[in-house]
Amino acid sequence: MASSASAGASARVDLDGNPIKPLTICMIGAGGFIGSHLCEKLMSETQHKVLALDVYNDKIKHLLEPDNLPWHGRITFHRLNIKHDSRLEGLIKMSDLTINLAAICTPADYNTRPLDTIYSNFIDALPVVKYCSENNKRLIHFSTCEVYGKTIGSFLPKDSPLRQDPAYYVLKEDESPCIFGSIEKQRWSYACAKQLIERLIYAEGAENGMEFTIVRPFNWIGPRMDFIPGVDGPSEGVPRVLACFSNNLLRGQPLKLVDGGQSQRTFVYIKDAIEAVTLMIENPARANGHIFNVGNPNNEVTVRQLAEMMIKVYSKVSGEQPPETPTIDVSSKEFYGEGYDDSDKRIPDMTTINRQLGWNPKTSLWDLLESTLTYQHRTYAEAIKKVIAKPVAS
Ligand SMILES: NC(=O)c1ccc[n+]([C@@H]2O[C@H](COP(=O)([O-])OP(=O)(O)OC[C@H]3O[C@@H](n4cnc5c(N)ncnc54)[C@H](O)[C@@H]3O)[C@@H](O)[C@H]2O)c1
Ligand SMILES: O=C(O)[C@H]1O[C@H](OP(=O)(O)OP(=O)(O)OC[C@H]2O[C@@H](n3ccc(=O)[nH]c3=O)[C@H](O)[C@@H]2O)[C@H](O)[C@@H](O)[C@@H]1O
């Protein structure tokens with residue numbers, strides 16, 4: 001595997017036919033969901049070096065140990081919190097490229113911990129932008145599709161035929177407005193902080209010539225996303241929808257549909273999305289100065305349809321009967337608390353990423369759920385049984 005990986009890597013060329021030079025990449029938030037998949041890809045298929053920065057490394061342990069892994073020496077872990085660590089600038093200076101993934105990015109936090117959310121997504125990202133700009137280093141910054149907020153169509157009357165017109169709902173990087181709710185709807189603290197850091201990075205590019213790429217992920221999902229409450233995360237924690245529904249399925253509980261599960265999302269398989277990021281890393285001339293939507297417009301469902309599909313897929317991969325009551329409705333106030341609000345619909349326009357990088361997602365929603373839920377069942381089913389069997393302490 002080592003020799004074929006390195007032989008393949010040395011022959012690799014970019015989209016313009018030029019050989020790809022090995023880079024040193026400072027990856028902040030490398031221990032998270034996206035970071036772990038990106039590290040895996042960079043280690044197994046390229047010759048780049050990664051300085052992996054995070055406060056945790058559980059999701060990349062398999063890449064760090066043992067010492068005889070084929071990529072040994074190309075990935076090093078630096079346990080640090082970017083809020084207060086003087087090593088950050090030195091690590092950025094040592095690298096050709098910085099990728100910033102670090103953020104609080106679970107909706108349950110946006111309205112309940114708005115200060116932490118704003119600090120994490122704006123204030124803590126400021127030094128990263130500053131060090132990149134001052135040291136002439138390229139930055140790939142992870143933003144979010146949530147910067148679009150709600151669609152224009154959501155403000156039209158329910159029966160308006162214009163709601164069917166893509167001009168009222170497809171989200172375009174260089175045209176669509178950012179539409180958030182009022183300040184008391186603290187859900188938008190995350191989107192607003194992400195929007196402001198995008199504007200700052202864009203301005204650094206315009207005024208100081210900083211080389212940057214901004215990524216707007218549209219619901220990337222797959223193995224290692226978030227945590228299963230009570231197993232590898234807090235019992236009362238609320239992760240993103242994939243992990244919430246996985247947790248319900250593993251425990252044989254009904255899946256909770258917030259406000260009837262009417263919101264729509266497009267889900268993309270993490271492995272498809274990581275291909276897009278690799279293209280950005282290795283084609284700077286095509287990626288610099290751009291904001292990219294990265295999603296799968298063909299995988300649109302309502303949250304209710306997602307729940308129904310996950311129930312069927314989980315039953316297939318686990319061999320277990322679906323719960324007697326498969327879903328229940330809960331109000332957003334009950335589920336997330338005061339100040340929650342929602343994006344109604346998220347269809348990414350793919351023109352920019354298609355034109356610049358020739359990227360298209362490949363995996364259908366059914367297929368990506370099948371591989372992801374197979375992983376969830378294999379990883380958690382036994383642990384959940386033990387948790388359920390444990391007597392509750394009085
Ligand atoms: N997964 C998605 O579909 C998605 C969608 C939109 C945007 N994003 C963005 O992509 C990025 C990565 O998302 P993810 O899904 O991998 O989330 P994640 O929570 O799994 O990963 C984030 C990582 O950053 C680390 N981190 C946070 N604050 C830090 C700090 N102060 N110092 C050091 N490390 C810190 C965390 O420990 C975590 O490992 C985030 O910026 C998120 O907003 C993700
Ligand atoms: O993934 C993305 O692209 C972005 O969107 C997510 O936001 P959202 O899609 O609203 O978060 P999820 O937790 O994945 O929820 C999706 C939908 O499912 C609903 N939901 C969630 C959990 C649940 O148990 N039941 C349920 O109905 C939510 O109300 C929401 O309508 C998060 O904000 C970020 O991770 C990211 O920036």
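Counting starts at 1 for both ligands and their atoms, following the listed order. Side chains are part of it too, since the values below use all heavy atoms of this structure and drop only hydrogens, waters and symmetry mates.
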Worksheet item: Does ligand 1 have any atom that is closer than 4.0 Å to a heavy atom of Tyr190?
Response: yes
Discussion item. Does the plane of the ring in Tyr340 sit parallel, tilted or perpendicular to the ring in Tyr336? Use 30° and 60° as the thresholds.
Written reply: parallel
Item to complete: Provide the number and element of each atom of ligand 1 under 4.0 Å from a heavy atom of Cys105.
Response: 13 (O), 17 (O), 19 (O), 42 (C), 43 (O)
Worksheet entry | Sub-3.5 Å N/O-N/O distance, Asp54 and ligand 1 | yes
Practice prompt. Please confirm whether Arg346 comes under 4.0 Å of ligand 2, counting heavy atoms of the residue only.
Written response: yes
Response to the item:
ligand 1 to Leu80, heavy atom cutoff 4.0 Å, flagged ligand atoms 32 (N), 33 (C)
Worksheet item: For ligand 2, which atoms have a heavy atom of Ser263 less than 4.0 angstrom away?
Response: 31 (O)
Worksheet entry | Atom indices of ligand 2 within 4.0 angstrom of Cys145 heavy atoms, with elements | 3 (O)
Worksheet, complete the sentence: of all protein heavy atoms, closest to atom 44 (C) of ligand 1 is Ile34 CD1, 3.6 Å
Item to complete: Have a look at ligand 1 and work out which part of Ala102, if any, has a heavy atom under 4.0 Å from it: side chain, backbone, both or neither.
Response: both
Fill in: Atoms in ligand 2 flagged as close to Tyr190, the criterion being non-hydrogen separation under 4.0 Å
33 (O), 34 (C), 36 (C), 37 (O)
Practice prompt. State whether the shortest distance between N or O atoms of Tyr56 and N or O atoms of ligand 1 falls below 3.5 angstrom.
Written response: no
Discussion item. Just to be sure I read this right, does ligand 2 sit under 4.0 Å from the backbone of Pro217, its side chain, both, or neither, counting only heavy atoms?
Written reply: backbone
Discussion item. Heavy-atom distances under 4.0 Å decide this one: backbone, side chain, both or neither, for Leu257 against ligand 2?
Written reply: backbone
Worksheet item: Would you say Ala30 touches ligand 1, if touching means a heavy atom closer than 4.0 Å?
Response: no
Worksheet item: Counting only heavy atoms, which portion of Leu53 has something under 4.0 Å from ligand 1: side chain, backbone, both, or neither?
Response: neither
Item to complete: Heavy-atom contacts with Ile82 under 4.0 Å: which atoms of ligand 1 show up? List them by number with element.
Response: 30 (C), 31 (N), 32 (N), 33 (C)
Worksheet item: Would you say ligand 2 has an N or O under 3.5 Å from any N or O of Phe245?
Response: no
Worksheet entry | Arg240 touching ligand 1 at heavy-atom level, < 4.0 angstrom | yes
Worksheet, complete the sentence: The atoms of ligand 1 lying under 4.0 Å from a heavy atom of Asn219, numbered in the order shown, are 3 (O)
Worksheet, complete the sentence: A student checking ligand 2 against Cys105 at a 4.0 Å heavy-atom cut-off should list atoms 32 (C), 34 (C), 35 (O)
Worksheet item: Is it true that Arg187 lies under 4.0 Å from ligand 2, counting heavy atoms only?
Response: yes
Worksheet item: In terms of atom number and element, which parts of ligand 2 are under 4.0 angstrom from non-hydrogen atoms of Tyr110?
Response: 32 (C), 33 (O), 34 (C)
Practice prompt. Flag Ile28 as yes when one of its N or O atoms lies below 3.5 Å from any N or O atom of ligand 1, and as no otherwise.
Written response: no
Worksheet entry | Any Lys194 heavy atom less than 4.0 Å to ligand 1 | yes
Worksheet item: Considering distance alone, does some N or O of Met225 sit under 3.5 Å from an N or O of ligand 1?
Response: no
Discussion item. Tell me whether Ser343 reaches ligand 2 (any heavy atom closer than 4.0 angstrom to a ligand atom).
Written reply: no
Discussion item. Is Gly261 close enough to touch ligand 2? Criterion: a residue heavy atom under 4.0 Å from a ligand atom.
Written reply: no
Fill in: Sub-3.5 Å N/O-N/O distance, Asp124 and ligand 1
no
Item to complete: Go through ligand 1 atom by atom and flag the ones less than 4.0 Å from a non-hydrogen atom of Gly31.
Response: 39 (O)
Worksheet item: Polar-atom distance check: Ser120 versus ligand 1, any N or O pair below 3.5 Å?
Response: no
Worksheet entry | Identity and separation of the nearest protein heavy atom to atom 2 (C) of ligand 2 | Asn219 N, 3.4 Å
Worksheet item: Going by distance only, is there an N or O of Asn248 that falls short of 3.5 Å from an N or O of ligand 2?
Response: no
Worksheet item: Which of the atoms in ligand 1, numbered in the order shown and given with their element, are less than 4.0 Å from a heavy-atom of Gly29?
Response: 23 (C), 24 (O), 25 (C)
